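Just below is one structure, and these are the notes that go with it.
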Amino acid sequence: MVGHNILIGALGVFILWFGWYGFNGAAATDTMQLSQIFATTAIAPAVATCTAMLYTWIRNGKPDVSMSLNGSLAGLVAITAGCANVDAIGAFVIGAIAGVLVCVAVYFIEDKLKVDDPVGAVAVHGCNGIWGTIAVGFFDYNDGLLYGGGVHHLLIQLLGIACIAGWTIITMTIVFTVLKKTIGLRVSAQEEMEGLDSTEHGLESGYPDFVSRELH
């Protein structure tokens, strides 16, 4: 597949990042807490971007821009659960782990599981959603494990993850089984080769700049 516009991709990430302040900011109960949420929502993705860049630099010999951008999103996802209940140090650690975790998860899903996840959505939202939820049990400055609160809060977070995972697995297994038996889950091999822009939408290509044309 031909290359895409990395600048536009980066712009999309920064637009999401900007919007995340409103998303997480809705958890605030007063202006002081709002400022704290803005701080944690800035620290975690910034650190995650750097750790993703460093990880790919060490692993591949060169920093990977697209993976670094995924690191930004991973940090945002990971800090969302605890944005109002962690301090700057907690946000730093959560982001640092998220940046490495998203890289490891992407490579594992693509290279080991051979699952096609072009934008790393499972690694960004799935793996780091789980990590961010667990992290609250460690870094909540009110009763987190690392702040002297014991394991109670952490166990609650783990129970929540188990409940969400169980509900999702059961529900979506039913949904996808019904889809597979009715309209099917995949298009034909020929449609895959031709591309869904033309077969599904009647377009020559969703990327007109990449379409070869005769010069007159």
Side-chain angles (χ1 to χ4, degrees), residues 1-24 45 48-49 52-53 55-57 59-78 80 98-132 164-165 167-216:
M1 182 180 291
V2 291
H4 290 58
N5 193 325
I6 196 67
L7 292 177
I8 297 299
L11 177 62
V13 168
F14 286 123
I15 290 172
L16 278 170
W17 192 332
F18 180 74
W20 224 282
Y21 291 109
F23 183 63
N24 283 357
T49 305
M53 179 190 70
Y55 181 88
T56 57
W57 204 335
R59 184 181 190 273
N60 304 324
K62 294 182 179 180
D64 187 324
V65 177
S66 62
M67 194 69 80
S68 300
L69 293 171
N70 261 358
S72 304
L73 297 178
L76 289 165
V77 170
T80 296
V100 175
L101 178 60
V102 68
C103 297
V104 173
V106 164
Y107 294 135
F108 177 76
I109 292 168
E110 292 183 353
D111 299 339
K112 301 299 182 182
L113 300 183
K114 304 298 182 182
V115 174
D116 184 20
D117 185 11
V119 296
V122 174
V124 170
H125 296 279
C127 295
N128 279 286
I130 292 172
W131 158 235
I164 294 169
W167 186 91
T168 303
I169 291 170
I170 293 172
T171 303
M172 298 317 297
T173 297
I174 296 171
V175 170
F176 282 114
T177 299
V178 172
L179 289 174
K180 185 176 182 179
K181 299 296 183 181
T182 53
I183 64 175
L185 293 177
R186 300 189 63 164
V187 297
S188 66
Q190 180 179 353
E191 288 175 310
E192 284 186 355
M193 295 302 297
E194 293 178 9
L196 298 186
D197 287 332
S198 60
T199 58
E200 291 286 322
H201 307 292
L203 302 173
E204 186 174 9
S205 172
Y207 303 92
D209 293 340
F210 298 154
V211 177
S212 59
R213 304 181 187 278
E214 291 187 12
L215 297 177
H216 298 286

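Only this structure's heavy atoms are used, side chains among them; waters, hydrogens and symmetry mates stay out. Computed from a predicted model, the values in this text were never measured in an experiment.
- Between Phe14 and Trp17, the angle of the ring planes stays under 30°, which puts this pair in the parallel group of the 30/60° scheme.
- Annotation: side chain of Ile15 is not in contact with side chain of Phe18 (no heavy-atom distance under 4.5 Å).
- Screening Val115, Asp111, Asp116 for a side-chain contact (heavy atoms from CB on, under 4.5 Å) with Leu113, the sole residue that qualifies is Val115.
- With hydrogens and angles disregarded, a donor-acceptor distance shorter than 3.5 Å links the side chain of Thr182 to the backbone of Leu179.
- Although no hydrogens or angles enter the test, the distance criterion places no donor-acceptor pair under 3.5 Å between the side chain of Asn128 and the main chain of Trp131.
- The OG1 atom of Thr56 lies 11.0 Å from the CG atom of Asn70; values are rounded to the nearest 0.5 Å.
- Residues Arg59 and Tyr107 are in side-chain contact: their nearest non-hydrogen atoms beyond the backbone lie under 4.5 Å apart.
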Before giving the answer on side chain to side chain contact (heavy atoms under 4.5 Å, CB included), spell out for Val102 and Cys127 the whole-Å C-alpha distance, their side-chain angles and the decisive distance to 0.1 Å.
CA-CA 7 Å; Val102 68; Cys127 295; over 6 Å; no
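- Between Ser66 and Ile6, the closest side-chain pair of non-hydrogen atoms falls below 4.5 Å.
- Side-chain contact check for Val187 versus Thr199: every heavy-atom pair is 4.5 Å or farther apart.
- Between Arg186 and Glu191 no salt bridge is recorded (no basic side-chain N to carboxylate O distance below 4.0 Å).
- Minimum interatomic distance between Ala123 and Val106 (heavy atoms only, all atoms of both residues): CB-CG2, 3.5 Å.
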Stepwise side-chain hydrogen bond (donor to acceptor under 3.5 Å, both in side chains) test for Thr49 and Ser72
CA-CA 5 Å; Thr49 305; Ser72 304; 2.5 Å; yes
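- A heavy-atom distance below 4.5 Å is not found between the side chains of Leu7 and Leu11.
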